[in-house]
Amino acid sequence: MALNAASHNPTGEKTGPVTGQPPPLSSETQSAILQAANGDIKGHNAPGQDGGDQHGEKKQKSAKELAKERQKAEKAAKFAAKQEKQKAMQAASQPKQKEPKKVQEKLPPYQEDTPKGQKKILKPLDDEYHKAYIPSVVESAWYDWWEKEGFHHPDFTPEGEVKEPGSFVISIPPPNVTGALHIGHALATSLQDAMIRWNRMKGLTVLYVPGCDHAGISTQSVVENMLYNRRNGMTRHDLGREKFVETVWEWKEEYHQKINRVMRRLGGSMDWSREAFTMDENLSAAVRQTFVQLHDEGLIYRANRLVNWCSKLTTALSNLEVDQKELAGSTKLDVPGYDKKIEFGSIWNFKYPIDGTNETIEVATTRPETMLGDTGVAVHPEDPRYKHLLGRKAKHPFVDRLLPIFGDESVEMGFGTGAVKITPAHDLNDFRRGKEHNLEFINILNDDGTMNANAGPFEGHKRFDVRYSVISELEKLGLYVGKKDNAMTIPLCSKSKDVIEPMLKPQWWMEMKPLAGPAIDVVRNGEIKIMPETAKNTYFRWMENIDDWCLSRQLWWGHQVPAWYVKVKGGPEYDTEPEYWVCAQTEDEARAKAEKKFPGKDFTLERDPDCLDTWFSSGLWPFSTLGWPKKTHDFEKLYPTSILETGWDILFFWVARMIFFGLKMTGKVPFTEVYCHSLIRDSEGRKMSKSLGNVIDPVDIMDGITLKALNDKLAVGNLAPKEVERATKWQRSAFPDGIDECGADALRFSLINYTTGGGDINFDVKVMRSYRNFCNKIYQATKFVLGNLPENYMPPAQAGKTGRESLPERWILHKFTHAAKKVNTALAQREFAQATQALHNYWLYELCDVYIENSKSIIRDGTAEESASARNTLYTALDGGLRMMHPFMPFLTEELWQRLPRRPNDNTKSIVIASYPQYESELDDADSSDAYELVLGCSKGVRSLLQDYNVKEDGKAYVQPLSSHAHAVVSSEQASIKTLSGKYIGTVTILRQDESVPAGCAVYPVSVDARVFLQLPGKVDADAEIKRIKPKVAKAADAVKEQEKLIGSLGESVREDVRKKEEENLKAFLSEQRAYEESLARFEEMKLQ
RNA sequence: GGGCCGUUGGCGCAGCUGGUAGCGCACUUGCAUGACGCGCAAGGGGUCAGAGGUUCGAGUCCUCUACGGCCCACCA
């Protein structure tokens, strides 16, 4: 249908600010076109060639090349013409005055009368709060009722088995307990809950486990900051460990409840009776069991080596918790604990005097303060400049120390001075060289980043202050040479942004290679499917190059390491010998182990005060939440879980670790599928961060918020004034009118609709707003249906067909079942956006715009039987549409579905547990669908003509079918065509195939099957019509020519269906051409009369 | 230094195994009240980043370039 959808306004009247033909091309443009057409194929002047010399030998061009050139020139010409036109349009367009949108009246907040946990009391739809869709009105009360009814519990068979279609289980990626939920969590919850609800409606045994992560470092530092700010600089040490941990628990409770409230607001159908927290007793037992077992197997070990040390948080960190910041050259950076910025990205040169000579040796460093820990100088053994110094010693200018000068092949002669200062205790490379060459390991730093006694005169000073004082002291001694820019990266703590210092500390480590192997295998062999594909590659790359994992953290909040040091009387000091550690679930067990290890020895036990990395317990999450290490019913029946859905940013931190822990501890994969969703950025594509003030709280979208309140929120956070200013500015541009209340359903639908499997999401609140409108559409449609069902309406027992449905009914049922097919397929393939688009399309363009419109006339004008059938179909299409939408919009669909009558013998309590629509071949009816598309095409043609000719009353339209089949269709659907043609139509007459068209009609070619005509009002100006039609004839003829050319060029290998399609296109173009030509002829004839 | 991704109408995005570009917002015109103005109808707007290649045919496949972004990496 609608072949000329792309054609211009047939009347030639202005539809835009410009009329008529584009202005003639400028001479400049014309010459550009000529140049493009005549120029060398490369288009540019070749290097070395005089720009004016066009007489060089030209290579022979093949016909193909020439054709390409011509094509290119045509393209260029077309483009230039367009540019001209656009310019003209711009010039012609005038600033238009727009009426400000009417502001909706604000009702006072809705008061819910339903007692908590009871089934919602539905108020009449003409009530002030129910006339149109208001999210807060629709979303109240339902969640409490669902929870109380236990709809979210897994539904086992009476024997306690998983139901026939199987189980579907998701353990929620546990949010950090101190953080507020952000829009990323809302995305995760939307996707997970959509899958959960869909599977539940399909009849599987479904479980969605909620919970939070204790988030060791984050939580501890949040509470420490709070203490410091609110209680006069109090530190955790002032409080003591026990009291501090107690305080953290209090905070945890408050935030945890906040998080749970938002999860419920979002409609996440978690089973709250199974809620987990990583520091719950059972999950802690899982941690102890895992640690002890892996220690006893030798995979967890104690070692004293360089760790990433954060002086601000005073703890070691794993490599993953360190960010690398790139510096192009000298850069001053803010460092926590310093008032002024510190210089990085430079390389400083200075000289060490050689002991016993007058010579010096020049070295370079990016961290001058580390020279206080230098214990050697390395040069390349073959370097002629330094060969004679090998074996000599440099003298440290500030501390009493001699630094051996030695040869090392890893030193590059060409880099810097070719001499490298060696700091084995504070540099990873130097650590290795120090070991190889037996150098001293001298730690110069205290845990807080100040210098210790080994720094001699600099003891007690902060390390970056020392950076400057070392330089000035060297200068005084004449040893300082100078500095240069040096592009480099510096390691920053991902939490505190402090500069990481490599430090020697005994820590617990986990050997990763033996665990990584099987974890790689299960992904490679498909036992675990990772989507998207790129995330899979990232996983392999990381797993294959994995380093051992530093497990211990010098924190108080978390799982204390279940390890005790055995202090044997007369034996080694605390934590100097790894063999003197025992690991056990309890102290008694530890004692027993120690007695066995050191029989007959007198000893005391000292427990390691450190805690484990947060991700250690998170790594056990999929099975610890189901009860492991206990053999619970949940663990037995529901493990492994189905899908792990999370942001790809924690693929390494979490997903990878769950996989190897799962395999190691349970012998099974923890889940069979990983889906990594996109990261959400702001509307300008920037990462959301607190300091930019562009973090979006999902509650603000659900509830709505004014711009002022949004701005005020910035002030509460601890942002610098400059940051607040920048963030305020951004908010003003992104949300000039604040955020409208959009509700959970629109938020969920939008976020899922953003999930196309592509890159990051640039979040735009306007999108939410449009889906809120979509919610209203669904609301209004339901209102219409309810208003058109008679009192005591009872839908038929079966949703299937009676066989007496009218064409529009057969069409909508066809569309409905195809929508069901699309949505189910899309969800099964995790093509989330395709599912939402199919739903959007069905509701808006099929059910509302077409079937509901068409049903009006059937219900009004049809026989009793016809209108009853139309109503039943209305019910089927709406009820099915709501059920199909439920996984995406749980609240709205429940509210509306509960207002609908049920089919007899259906006592389903809630849409939550109603069945999900599936494709049914009985409803599939392609012939009816095609026939009705013809009807729609005809009515669209009529509407278009009415508008083009500005006919406002009693329009007279004619439909001319072009085949007997088409004649049969349009004849029987005359009423539908009229209804769908709008209120300006007076009569729709169906012409016979061979009947001549009345004089003075404008034509609209619908398809090869039909044309429609409109009787032109008043006195017909044949000349004007001829002028209008001529360009259309030409355009149609062009299309025909193009299409003929295309078909002519089709090779032999072309698929039959493609060829057929192209030939049908040709027929359609031909038909269109003929329609215009005939119309033209009629007007020409009219002129003669 | 290594690896990955993106570039499609003014803006935000879809486009499956190659068959001649769609959607939402915005824009233009017409419609005020028995579902919906949070709406309906009719329209306008696209050298699919650039260059080359494969092909009868490229937004889609290959190569290179530019711009933007991400991840990983111990070089003084």
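In what follows, chains are A, B, ... by sequence order, proteins preceding strands, each numbered from 1.
OP1 and OP2 of B:C40 both lie 4.0 Å or more from every side-chain N or O belonging to A:Tyr845. At least one side-chain nitrogen or oxygen of A:Arg943 sits closer than 4.0 Å to the OP1 or OP2 atom of B:A42. For B:G43, one of the phosphate oxygens OP1 or OP2 lies less than 4.0 angstrom from a side-chain nitrogen or oxygen of A:Ser944. Remark: A:Lys856 is in phosphate contact with B:A35, judged by side-chain N or O atoms under 4.0 Å from OP1 or OP2. In terms of phosphate contacts, A:Lys766 brings no side-chain nitrogen or oxygen within less than 4.0 Å of OP1 or OP2 of B:G10. At the phosphate of B:G39, OP1 or OP2 sits under 4.0 Å from a side-chain N or O atom of A:Asn773. Within the 4.0 Å cut-off from OP1 or OP2 of B:C40, not a single side-chain nitrogen or oxygen of A:Lys983 is found.
The side-chain tip of A:Lys131 does not point at the ring of A:Tyr779 from less than 6.0 angstrom away and within 45° of straight on.
Rounded to whole Å, the separation between the C1' atoms of B:U8 and B:C13 comes to 10 Å.
Across all strands, A:Glu853 comes closer than 4.0 Å to base atoms (heavy-atom distances). Here A:Ala364 lies in heavy-atom contact (under 4.0 Å) with sugar-phosphate atoms only. Residue contacts shown for A:Tyr539 are absent, as no nucleic acid heavy atom lies under 4.0 Å away. At the heavy-atom level, A:Thr489 lies under 4.0 Å from base atoms of the strands shown.
Using the six-membered ring where Trp is involved, A:Phe774 and A:His840 have ring planes that are perpendicular, over 60° apart on the 30 and 60° scheme.
Set against B:C23, B:G19, B:G43, the side chain of A:Tyr1004 has B:G43 as its closest nucleotide.
Spacing between atom CG of A:Asp649 and atom P of B:C71 amounts to 9 Å, rounded to whole angstrom units.
Remark on RNA chain B: of its neighbouring residues A:Arg541 and A:Phe653, the 5'-side contact belongs to A:Arg541, judged by nearest-heavy-atom nucleotide.
Annotation for A:Val942 and A:Val1012: closest pair N-CG2, 3.9 Å, computed over non-hydrogen atoms.
With hydrogens and angles ignored, the 3.5 Å screen pairs a side-chain donor or acceptor of A:Arg772 with a backbone N or O of A:Tyr133.
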